[in-house]
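Order of appearance sets the numbers: ligands from 1, and atoms from 1 within every ligand. Predicted, not measured: the structure shown is a model, and the values here were computed from it.
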Amino acid sequence: MPMTFDEKTRSTSNFFNNKGRCTDDCLIIIFGGSGDLAKRKLFPALGNLLFKKMLPEKFKIIAVGRKPMENKDLLSMGKYTEDFIGHFEYLQTDYSPEGIAKLKAAAEKICKESGIAPNYLFYLAIPPEGYAEVAKALKKGGMVHPPKAANWCRLVVEKPYGKDIESATELNENLLSCFVEKQIYRIDHYLGKEAVQNLLVFRFANSVFEAIWNHHYIEHVQISHSEILGAEDRADYFDQAGLLRDMIQNHLMQIFSLVTMEPPVSLSADAIRDEKVKVLRSLRPLDLATQPPVAIRGQYGPGAIKDKAVGGYRQEKGIRPDSSTETFVAIRMNIDNFRWAGVPFYLRSGKRLGRKGTEVVVTFKKLPKLLFNSRGASLNNNRIVFKIQPQEAILLELTTKNPGQSFELSDTSMNFCYSDHFDTSADAYERLLLDAVLGDPTLFVRSDETELSWKYLDPLLKNWAANAMGDKFPNYAAGSEGPAEAAGVLTPGEEPVEWLDFAKYDNICAPIEPGNPSTPSPKA
Ligand SMILES: NC(=O)c1ccc[n+]([C@@H]2O[C@H](COP(=O)([O-])OP(=O)(O)OC[C@H]3O[C@@H](n4cnc5c(N)ncnc54)[C@H](OP(=O)(O)O)[C@@H]3O)[C@@H](O)[C@H]2O)c1
């Protein structure tokens, strides 16, 4: 009888043999093998995993697509060894019963000839309208092993996972009619980032911080994601989706869950995901009538980035000239539970801003104005800054005394830069692909998580869809910090609150190269 993941985590030697490879043979079947994601991210990630000897000793990759393709085109965006090319083949087929029969016959032939146990990892790197169709075709074609079968099968699903609560629920129903929940791995590649995973370690491995991680000490939290890029070659998709769906519903809500969840009872996948779900259930529903507003949207107009003039969103290729799609969102979230009562969480994300970066900043309450304030000093808040990308770092902002006779105070920062301590960081797709091969779903999103975050944002999505912005857009210039209206979602407490100047945290650390996720090399 195959072991469950929890049983395996108790006996880690089952995962890796003594060469550091995972032990289960498998066939990695990538649908959309002719597409951009497969060529740019998935094949290079698999190439690196093979190079690092982290894939099973016996495995093959079948890239599946309907178009005729040559290996030289498929493998044009990475450096691949002969060994990798020997493990790789392209199969041109469609998703009709005959097409799936062709795939099944090819998979069985490869397994038989190469002595590979028929464990199947299916990866849906196709547009979302194809997810249910391909899952159903696999089920009908007899390629989905039952969960208790001797060999496993798993389905990895890319983002976007639905476009609203109705479509996400329908997609869950469709996939769950073909696979059981434990076989479904919903990707959110932010969860594959080292600095995002470190949020859990920081919180639950350091007593000094966990004790103050609550409304008694924390004033507010800002989670921010800024991009320099516009819609670019994702224009068709982005103009339909908008930024709330593209960034907030998934990536920023995942970061938010990790910052706010309660300690899990264990590090098993379900224990962690249960706690993430609990905090999503405690979110105060968005009240769109309240003032100041809980959310604002923006769209960029012409401007300049690094002194270079750039056009506005509506002028980009593939964007509707009267588009009301938001390219910027700022939102205030509240959690109605014991830990977080009264603490506002501000999430902000935008395209074509003046800088690139993802940060979480936890701002602590000020101390009573008794001691140093009476000497004319103004005490600032202590802050913990988590830099997620492009640099990875944790900074602690403190107040310290300037040397000398008087009590002059300064703000200083204790910086932990990953690049000072490690030579490498894990590439998110490498980490997630390896976890899917290993059968560890911890860094993938469970069905109830995705439905809860869609449900939470649904009133806002519907309200914005019903109220086109017309000539109120554009409302910020490319290269700026976003629309002035973003300040409107901030609720002053005893002290005024501002969006932080995240640029001041740039260049504190060097970015580090993606590398081996399992054996980062500490610097001497
Ligand atoms: N590209 C990225 O960086 C990126 C990042 C995050 C998430 N994603 C997600 O990953 C998925 C793939 O993205 P992509 O950029 O690789 O897309 P893509 O290049 O447009 O398409 C991938 C491939 O899917 C196949 N395909 C198209 N429509 C299909 C359908 N209805 N049913 C089955 N197969 C279909 C096509 O191959 P054939 O015509 O040969 O079958 C196409 O080459 C999407 O869901 C996307 O949102 C992509």
Side-chain angles (χ1 to χ4, degrees), residues 29-46 61-71 73-78 89-100 102-103 106 122-141 143 155-163 167-168 171 174-175 178 184-193 225 227 229-243 245-252 254 318 349 351 358 389 427-433 436 443-445 450 514:
I29 301 174
I30 300 180
F31 300 99
S34 56
D36 175 69
L37 181 73
K39 288 191 268 189
R40 218 161 38 80
K41 294 277 184 193
L42 305 183
F43 302 153
L46 287 166
I61 299 162
I62 310 182
V64 179
R66 297 166 301 182
K67 293 189 273 287
M69 294 291 285
E70 299 284 336
N71 268 11
D73 299 318
L74 292 165
L75 302 179
S76 57
M77 295 172 117
E89 71 179 68
Y90 182 72
L91 182 81
Q92 184 192 351
T93 190
D94 60 24
Y95 305 112
S96 65
E98 299 73 35
I100 294 292
K102 182 177 167 186
L103 172 64
F122 302 117
Y123 197 122
L124 298 184
I126 57 175
E129 49 276 18
Y131 295 165
E133 184 201 337
V134 175
K136 285 180 184 169
L138 290 170
K139 174 77 175 172
K140 231 170 159 185
M143 290 200 76
L155 181 76
V156 183
V157 190
E158 261 298 337
K159 90 165 212 191
Y161 198 86
K163 58 180 174 21
S167 55
L171 181 56
N174 279 325
L175 298 188
C178 308
I184 303 174
Y185 289 61
R186 296 171 193 80
I187 287 253
D188 186 316
H189 73 272
Y190 268 56
L191 291 177
K193 291 181 187 294
H225 170 81
E227 283 176 41
L229 292 178
E232 324 263 322
D233 49 9
R234 296 169 70 224
D236 281 351
Y237 156 73
F238 187 86
D239 203 38
Q240 296 301 321
L243 196 111
R245 290 185 175 91
D246 192 45
M247 279 306 302
I248 307 273
Q249 181 274 333
N250 37 48
H251 308 316
L252 294 203
Q254 283 295 327
S349 176
K351 287 189 170 293
T358 307
Q389 64 179 11
D427 169 77
Y429 272 101
E430 276 182 44
R431 168 76 207 235
L432 294 173
L433 272 163
L443 301 179
F444 296 84
V445 184
T450 189

Any luck finding a side-chain donor-acceptor pair between [X] and [Y] under 3.5 Å?
X: Gln249; Y: Tyr161; value: no
X: His251; Y: Lys159; value: yes
X: Asp246; Y: Tyr237; value: yes
X: Gln389; Y: Lys193; value: yes

I'd like the name of whichever of [options] reaches closest to [atom] through any heavy atom.
atom: atom 30 (C) of ligand 1; options: Arg66, Glu129, Glu133, Lys159; result: Arg66
atom: atom 48 (C) of ligand 1; options: Val64, Ile30, Thr93, Leu37; result: Leu37
atom: atom 42 (C) of ligand 1; options: Ser34, Ala137, Pro128; result: Ser34

What atoms in ligand 1 come closer than 4.0 Å to a heavy atom of [X]?
X: Tyr131; value: 45 (O)
X: Gly65; value: 40 (O), 41 (O)
X: Gly32; value: 23 (C), 24 (O)
X: Arg40; value: 1 (N), 2 (C), 3 (O)

Q) Backbone, side chain, both or neither: what part of Lys67 comes under 4.0 angstrom of ligand 1, heavy atoms only? A) both

What do you reckon, is [atom1] of [X] surrounded by more than 12 foreign heavy atoms closer than 6.0 Å?
X: Glu70; atom1: CD; result: no
X: Lys39; atom1: NZ; result: yes
X: Lys163; atom1: NZ; result: no

Nearest protein heavy atom to [atom], by residue and atom, and its distance?
atom: atom 33 (C) of ligand 1; result: Tyr95 CE1, 3.4 Å
atom: atom 32 (N) of ligand 1; result: Gly130 CA, 3.8 Å
atom: atom 20 (O) of ligand 1; result: Pro127 CG, 4.6 Å
atom: atom 6 (C) of ligand 1; result: Glu158 OE1, 3.8 Å
atom: atom 12 (C) of ligand 1; result: Ala125 O, 3.3 Å

**Q.** Test applied, side-chain contact (heavy atoms from CB on, under 4.5 Å); reference residue, Tyr123; option that passes from Ile187, Leu155, Val157, Ile29
**A.**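 The residue from Ile187, Leu155, Val157, Ile29 that satisfies side-chain contact (heavy atoms from CB on, under 4.5 Å) with Tyr123 turns out to be Ile187.
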
Q. Does atom 17 (O) of ligand 1 have a protein heavy-atom neighbour under 4.0 Å away?
A. no

Q: Find out whether the Lys NZ or Arg CZ of Lys351 is both under 6.0 angstrom from the six-membered ring centre of Phe238 and within 45° of the ring's axis.
A: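 Yes, a cation-pi geometry.
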
[X] N/O under 3.5 Å from ligand 1 N/O:
X: Asp36; result: yes
X: Ile126; result: yes
X: Ala38; result: no

Q.
Once rounded to the nearest 0.5 Å, what's the spacing between atom OH of Tyr95 and atom CG of Leu138?
A.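 Interatomic distance, Tyr95 OH to Leu138 CG, rounded to 0.5 Å: 8.5 Å.
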
Q: To the nearest 0.5 Å, tell me how far Gln92 CD sits from Lys102 NZ.
A: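 Here the rounded value is 6.0 Å.
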
Q. Got Leu75 and Phe43 here, is their nearest side-chain heavy-atom distance under 4.5 Å?
A.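 Leu75 vs Phe43: side chains touch.
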
Q: Using non-hydrogen atoms of the residue, decide whether Tyr237 is closer than 4.0 angstrom to ligand 1.
A: no

Q.
If we only consider heavy atoms of Phe31, is any one of them less than 4.0 Å away from an atom in ligand 1?
A. no

